[in-house]
Amino acid sequence: MPRLTDTSAIDGKFAPPEEHAQVLVIGAGAAGTAAAIEAAKLGASVVLIDENPIDPGLMGLDTPLFYGGRMSGAARRRGGVTESLLAANPALEEAIELGVDVRLGITAWGLYVNGPAMRALPSPAVGLADEARSWMCGFQQLILATGARDVALAFPGWDQPGVVGANGLDALIRRYDAFAGRRIAVLGGGDIGLDAALAARTRGLEVAAVIEVLAQGPATADRRAALAATGIPLLTGHAPRRAIGGRDGVERLIVASGAGEEIALDCDTVCLAVGLAPAIELLNAAGGRIVPDTLRGGHAPALDGWATSLPGVFAAGDCAGLAASEADAAEQGRQAARQALSGVVEGSARPRADAWAYQTVWFDALTRDADPATIVCQCEAVTRGDLLEMRAPRYLGDPTQAAAARDLGTLIADGPPNQDQVKRLTRAGMGPCQGRRCREQVALTLAQAAGIPVSQVPLALHRPPVRPLPLKVMADWQETAAMTQGWEIWFAIPGQWSAYDDIGTEREFVTPFGGEG
């Protein structure tokens, strides 16, 4: 029997994408640029997209990285920033010379492919936007090289200007040349933290100290030797107690030893360098399979070589599982391009250090005797106490008796902890930064309360647009004439009280073969 088709559905009504790329690469870092160059050398037509330079307004929302309000005025000079980006990545010039269509300042906000929940698309496509409009770009092969974002952990005073992430700091001092700080303290004695401290010193910044909660951090011996050669203090067995601020944000960091002895460090910036997380937002929102893999940085794409679970979509570099170096990321990009165009599998992401174990150690140290008033979700002003109490936003008024009787303990007793449920109850993760600053610490809070590894806490789902965009940009959408027909069935107008089946009987149904049903 032929399958019936609802003529009011959107199947077959989408306009084709406004443009099409044989190979579309998202992210012009080491992996993405190398992938674009390799694909061009293999004869493909390539479009390379990168969201940098980021709009200063988005940077103020700590999107996509944790910039912590330490951008200088240079971040607003788009031309100068573009020059800095090209200088920081000379391979972009090679890509341009090979004919790659390099586009900077373009945001990829959504990835759409047909699957069990979507059958209406004429082709797979990525939603793109600039300052003025949004559009769809179709592709034959897509390589995601979206990098990694900062993992943030709360402590008293972290919700003020001057607390930044390691990747945010790197972007400001190396790629943008737009860092407004002068003296930093680094939290994290692993490779990420020591790399941040050494890069800051190379750029002429003062480094007050590197702070590590363990007796010895997990950094490699050569990094520890390089740090010692600079004379930068490494305070092991210490944890931050609070950041003290003034008019312009952080002015001092108080750290304490295990015995409780406090040290005051003068600094204008505190760099959180306890972890990075693969930037999987596009893939996750499109329904790509994501797996918990602490040896690849946390939640990472399920991969066959560099191929994701979505047909024609590949991942390389930090978004595939944190790369060991820029050279490693570039080689991953080249291999991904060759696999995309030839189908030959040459390698896959290699395991590194146990990311979640290290983040858990830091989280336990920061939450031991923690002040419940410490802000966890800065966008929605959700405190640690609010999370433990599962309290609804305070602007909704006092909780009902039933809500007041609920807390994190009763929630966990009712079933496995779930971040999306917590988000709906408390709004933690619903703000304009889209959970980038609180996602990991909410998961760690749930794991700590339930007494389970954080790997067992389900990933909080991403939804498009995966970047906050102005409504004027998203509203610039031209529907086809066919899409304007039959829409009232989805909003139940005029028969808003009619059952769907009753409305459907008044409509014409056709079979896929053109006959009437």
Side-chain angles (χ1 to χ4, degrees), residues 2-27 47 49 107-129 134-146 278-293 296 299-316 319-321 336 339-341 343 345 348-349 418-420 434 458-467 474 477 479-480 482-483 486-487 489-490 500 509-513:
R3 179 176 63 84
L4 297 180
T5 300
D6 186 352
T7 57
S8 65
I10 59 174
D11 299 59
K13 298 179 181 179
F14 274 105
E18 294 182 44
E19 60 176 333
H20 191 88
Q22 181 181 358
V23 176
L24 178 62
V25 182
I26 307 297
V47 176
I49 298 294
T107 298
W109 53 264
L111 167 60
Y112 299 92
V113 298
N114 284 321
M118 170 69 77
R119 298 178 302 181
L121 297 176
S123 71
V126 172
L128 302 177
S134 63
W135 69 96
M136 301 298 263
C137 178
F139 59 86
Q140 293 181 30
Q141 309 292 337
L142 171 67
I143 299 175
L144 297 174
T146 47
I280 57 170
E281 298 95 321
L282 281 170
L283 187 63
N284 182 231
R289 183 167 174 249
I290 305 297
V291 296
D293 190 343
R296 285 195 287 145
H299 291 285
L303 295 175
D304 178 9
W306 304 106
T308 73
S309 63
L310 300 181
V313 180
F314 301 79
C319 74
Q339 183 177 351
L341 293 171
V345 178
S348 191
N418 184 289
Q419 279 203 77
D420 284 323
Q434 300 176 304
L459 172 68
L461 297 179
H462 299 87
R463 295 177 177 84
V466 299
R467 295 288 187 270
M474 297 300 292
W477 184 269
E479 294 181 342
T480 63
M483 290 181 72
W487 60 268
I489 198 170
W490 302 110
Y500 177 84
F509 286 80
V510 298
T511 71
F513 308 103

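Note: hydrogens, waters and symmetry copies are ignored here, and every other heavy atom, side chains too, is used. This chain uses plain numbering: 1 for the first residue, then up along the sequence.
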N284 vs R289, test: side-chain contact (heavy atoms from CB on, under 4.5 Å). Steps then yes/no. CA-CA 7 Å; N284 182 231; R289 183 167 174 249; over 6 Å; no
Does S348 use its side chain to pair, donor to acceptor, with the backbone of G305 at less than 3.5 Å? yes
Going through the distances and angles, do T107 and L128 end up as a side-chain contact (heavy atoms from CB on, under 4.5 Å)? CA-CA 5 Å; T107 298; L128 302 177; over 6 Å; no
In chain order, what residues pass the side chain to side chain donor-acceptor pair (under 3.5 Å) check against Q22, with sequence neighbours excluded? none
Any side-chain heavy-atom pair from P301 and S309 closer than 4.5 angstrom? no
How long is the gap from CD1 on I143 to CH2 on W306, to the nearest 0.5 Å? 11.5 Å
Just so I know, are the side chains of L144 and L283 near enough to count as touching, which here means a heavy-atom distance under 4.5 Å? yes
Residues which pass side chain to side chain donor-acceptor pair (under 3.5 Å) with Q434, listed by chain and number, not counting sequence neighbours: R436
Indicate yes or no: at least one non-hydrogen side-chain atom of F139 is less than 4.5 angstrom from one of L111. yes
Stepwise side-chain contact (heavy atoms from CB on, under 4.5 Å) check, M474 with W109: CA-CA 10 Å; M474 297 300 292; W109 53 264; 3.8 Å; yes
Going by the rule side-chain contact (heavy atoms from CB on, under 4.5 Å), which residues pair with V466 if we only count those two or more places apart in sequence or in a different chain? E281, L282, A285
With a 3.5 Å distance limit and no angle check, can you tell me whether Q141 reaches the backbone of V25 through a side-chain donor-acceptor pair? no
What are the two closest heavy atoms between A315 and C319, and how far apart are they? CB-SG, 4.1 Å
Salt bridge (charged side-chain N to carboxylate O under 4.0 Å, His left out) filter on D420, not counting sequence neighbours, yields K423
Find the distance between CE (M136) and NE2 (H20) and round it off to the nearest 0.5 Å. 13.0 Å
Donor-acceptor under 3.5 Å (T146 side chain, G27 main chain): no
Tell me every residue that passes side-chain contact (heavy atoms from CB on, under 4.5 Å) with P311, counting only those two or more places apart in sequence or in another chain. none
Side-chain heavy-atom pair I280, H462 within 4.5 angstrom cut-off: yes
Quick one: closest heavy-atom pair of N418 and P458, and the distance? ND2-CG, 4.2 Å
If you define the side chain from C-beta out and look only at heavy atoms, does anything of P124 sit under 4.5 Å from Q140? no
Shortest non-hydrogen contact from R296 to P278? O-CG, 3.4 Å
S123 versus P16: any side-chain heavy-atom pair under 4.5 Å? no
A21 meets the side-chain contact (heavy atoms from CB on, under 4.5 Å) criterion, sequence neighbours left out, with L24, V47, C137
Point-to-point distance, once rounded to the nearest 0.5 Å, from CG of L121 to OH of Y112: 9.0 Å
